[in-house]
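Hydrogens, waters and symmetry mates play no part in the numbers below; they use all other heavy atoms, side chains included.
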Amino acid sequence: MTSIAEREQHPVHHGPPRPPGGLRRLLYPGFLRAAWMAPLFFGIGCGIVVLCRWWGGWHPIWFGEIIVLVGALTAAPIGFLAGIGAFDYWVRYAIGSPTQPEDHSGHGAYSWKDYFRVNTDHKVIGMQYLATTILFFLAGGLLAMLVRAELAKPGMQFFDNQTYNGLFSVHASLMIFLFVIPAFAGLANFVVPLMLGAPDMAFPRLNALSFWLLPIAGIMMLSSFAAPGGAFAAGWTGYAPLSVHQPMGTIFFNMGVQWAGASSIMTALNFLVTIITMRAPGMTFWRMPLLVWANFTTSLLVVIATPFIAGSQFFVMFDKVMHTHFFDVAGGGYPLGYQHIFWFYSHPAVYIMMLPGFGIASEVISVFSRKPIFGYRLMALSLMAILVLGFSVWAHHMFVSGMAPWLRVPMMITTLMIAVPTGIKVFSWLATIWEGKINFSTPMLWAVGFVSMFVIGGLSGVYLGAVPIDIHTSDTYFIVAHIHYVLFGGSLFTIFAGIYYWFPKMTGRQYNEKLGKLHFWLTFVGFNLTFFPMHLIGTQGMPRRVSDYAPQFATWNLFISVASFSLGASTIVFLYNMITSMRRGAPAESNPWRALTLEWQVTSPPPIFNFDEIPQVVGNPYEYGVPGARHAILSGDRAATEAEVRSH
């Protein structure tokens, strides 16, 4: 058999060439070049600001906020990206340099060093995404524990009000923009091309660039703590005009969202083109795994919705830095306009954070129940229904904002309607499990735990969709409980399900099953002890986003804080299991779960270009229990089948 690379007749080198010596080493793409290019671009950005202010006669010429915005938050990151080589190919093309033959030296991982450079292999990029998002998950979790330490008893314990507001604002922003959304992108980056039978993503260089925008965004948000006046402290929603009148840390949030949003849009466009144009022969849309369907609909959501949050953050930044009046009533602005723009993105963003999890749950539940997905086509169509309805419910976040009263009832109706396609998925998962030969391995525990927790979050969402109940519970801990049951019990549980499910494929090693189950049960119990009581104190009037509270809530808050520390400690088990299993875990089989989808038909880990031949898709990916059912065949399978036929 010949590999795809050999058929294309490109020489394949094992890793990048050795860097040159001497001063030429400074021009070689990598962190050393980035170390001098980032300061250089910072200086260029500062020069542009100073020159423009001098030319316009604006004083002072050296204006701190604009210097930070243009120099540190825009130009310096571009210099870093140029330094590591993210733009090298496009720059050579733009200036008309001779085309260099592609030797694939920047494709694939041959040592640990290949994970710390620009790499065009979707599998390496997927691992880069996951490792980076787990680091930001740990940072966001630490901030949450600091918040709970402050709330362990009434009164001010460790932080002042502004610092406390910064802690929960950065916590939420990291978890949403730097963990949940990109973690799903990382899993999909690794798995989706394999599921499609493709050698890589449609645009490998764009895929590499989209990853390297993420650490820029995350470092930007964390470094806001070092800004004069402290971190951005208007919540992850950044409502105007409050955010306009915050200290300099606000612009770190504004620009961090831009970098993370640009990464999301690049990734989504890549997925759309890959799914539409790079499916293996026989892979019709109705033969695609549901994870591919989920990422297809998620990518459409990202491409349509993300520009709206980018616009909202630009408007806030312009109001703050350039003294425009988009949201300033005194200047003729419209403060509620910010909320409409923001939530027109951010409610679809809830589904951006959920739909990939639905796909992961479908894969895991079908495999570990040994049954076909119940209502496969209806499951795919329900994803499309959520995509459409997701843009019609944004104002249910604004029932108490002072918006036009006539908008309440239509938004309440559409909010309740979107529960229908979501309910279809829940009943489909339950029907798939029903009378299946269930194997409660670690991925299945996380998937079943997700279904149960997401149902609780969904039911509280039905309550909040009703205008009278929403008015009563708005800005209380009932909202905190709801969003965490949806995003922690929903998104995080499915991320862990996906990591454990594809861990053998990604690493070629098997994780420790006992530690995996221990991690699940510690997280499941700690999560419910932490967040379920919030429903109770929320309905009793405990407000959210406050650093102090009435003594009547002291007992429950102490209980919640203790439970939250046990929940945080459960992550130690996960980290230990992952690190030790990657280093010393038992070698994994190619298909330890006996799954039918294409990623399990190649070695663990997969070859550099995924397949030694183009697979032929011949059936549905979930025909478990059907004798002789195949999702795809390779030439080795054909030879075995033909030999069996001849023997008969």
Side-chain angles (χ1 to χ4, degrees), residues 5 8-13 15-52 55 67 69-108 113-114 116-122 124-125 128 199-217 220 255 258-270 272-274 277 303 307 310:
E8 293 179 353
Q9 297 181 346
H10 291 311
V12 180
H13 299 298
R18 293 178 63 85
L23 291 177
R24 293 180 61 195
R25 177 69 180 87
L26 294 174
L27 300 177
Y28 188 78
F31 289 113
L32 184 59
R33 190 173 81 176
W36 65 264
M37 287 196 73
L40 173 64
F41 274 62
F42 172 75
I44 294 172
C46 293
I48 292 172
V49 171
V50 170
L51 181 63
C52 290
W55 186 269
I67 289 292
L69 172 61
V70 177
L73 303 182
T74 305
I78 293 173
F80 169 78
L81 293 170
I84 62 174
F87 303 133
D88 281 10
Y89 177 85
W90 295 311
V91 169
R92 289 183 58 85
Y93 176 83
I95 64 177
S97 293
T99 303
Q100 290 183 331
E102 177 59 72
D103 62 0
H104 300 289
S105 61
H107 188 94
K113 295 179 182 179
D114 292 325
F116 292 89
R117 62 178 180 83
V118 175
N119 200 303
T120 56
D121 186 351
H122 73 96
V124 175
I125 294 169
Q128 289 174 323
D200 206 306
M201 294 282 276
F203 306 114
R205 293 184 183 90
L206 187 67
N207 199 22
L209 175 61
S210 67
F211 161 72
W212 284 102
L213 302 186
L214 273 183
I216 291 173
M220 210 169 278
M255 287 305 299
Q258 304 296 352
W259 286 101
S263 171
S264 293
I265 292 174
M266 291 178 188
T267 304
L269 288 170
N270 222 340
L272 288 174
V273 177
T274 302
T277 67
V303 170

Which heavy-atom pair separates [X] from [Y] by the least distance, and what is that distance?
{"X": "Ile216", "Y": "Pro77", "answer": "CG2-CB, 3.7 Å"}
{"X": "Val124", "Y": "Asp114", "answer": "CG1-O, 4.0 Å"}
{"X": "Val118", "Y": "Ala86", "answer": "CG2-N, 4.0 Å"}
{"X": "Asn270", "Y": "Thr274", "answer": "O-OG1, 2.6 Å"}
{"X": "Ala72", "Y": "Ala76", "answer": "O-CB, 3.7 Å"}

Return the NZ to CG distance between Lys113 and Asn119, rounded to the nearest 0.5 Å. 15.0 Å
Working to the nearest 0.5 Å, report the span between CG of Asn207 and CG of Leu269. 11.5 Å
Tell me, which pairs form a side-chain hydrogen bond (donor to acceptor under 3.5 Å, both in side chains) where one or both residues lie in residues 77-87, sequence neighbours left out? none
side-chain hydrogen bond (donor to acceptor under 3.5 Å, both in side chains): pairs with one or both residues in residues 70-83, sequence neighbours excluded: none
Taking the side chain as C-beta and beyond, is there a heavy-atom pair between Asp200 and His107 under 4.5 Å? yes
Does atom CZ (Phe116) have a neighbourhood of more than 12 heavy atoms from anything else shown, all under 6.0 Å? no
What side-chain donor-acceptor pairs closer than 3.5 Å can you find for residues 36-47, not counting sequence neighbours?
{"unit_1": "Trp36", "atom_1": "NE1", "unit_2": "Leu26", "atom_2": "O", "d": "2.8"}

[X] side chain vs [Y] backbone, donor-acceptor pair below 3.5 Å:
{"X": "Thr120", "Y": "Arg205", "result": "no"}
{"X": "Gln128", "Y": "Trp212", "result": "no"}
{"X": "Arg33", "Y": "Ala82", "result": "yes"}

For a quick test of your reading: what N or O donor-acceptor pairs under 3.5 Å do the side chains of residues 258-265 make, sequence neighbours left out?
{"unit_1": "Gln258", "atom_1": "NE2", "unit_2": "Ala310", "atom_2": "O", "d": "3.0"}
{"unit_1": "Trp259", "atom_1": "NE1", "unit_2": "Leu73", "atom_2": "O", "d": "3.0"}
{"unit_1": "Ser263", "atom_1": "OG", "unit_2": "Ser210", "atom_2": "O", "d": "2.6"}
{"unit_1": "Ser264", "atom_1": "OG", "unit_2": "Ala260", "atom_2": "O", "d": "3.3"}

Only counting residues at least two apart or in another chain, list the ones meeting ring pair (Phe, Tyr, Trp, His ring centres under 6.0 Å) with Phe80. none
Before you tell me yes or no, could you show the steps for Phe87 and Ile78 under side chain to side chain contact (heavy atoms under 4.5 Å, CB included), namely the whole-Å CA-CA distance, both residues' side-chain angles and the distance that decides it to 0.1 Å? CA-CA 10 Å; Phe87 303 133; Ile78 293 173; 4.2 Å; yes
Given the options Ile84, Leu81, Ile125, Leu209 meets side-chain contact (heavy atoms from CB on, under 4.5 Å) only with Leu81
Name all residues meeting the side chain to side chain contact (heavy atoms under 4.5 Å, CB included) criterion together with Arg25; count only those two or more places apart in sequence or in a different chain, and write none if there are none. Pro19, Tyr28, Leu32
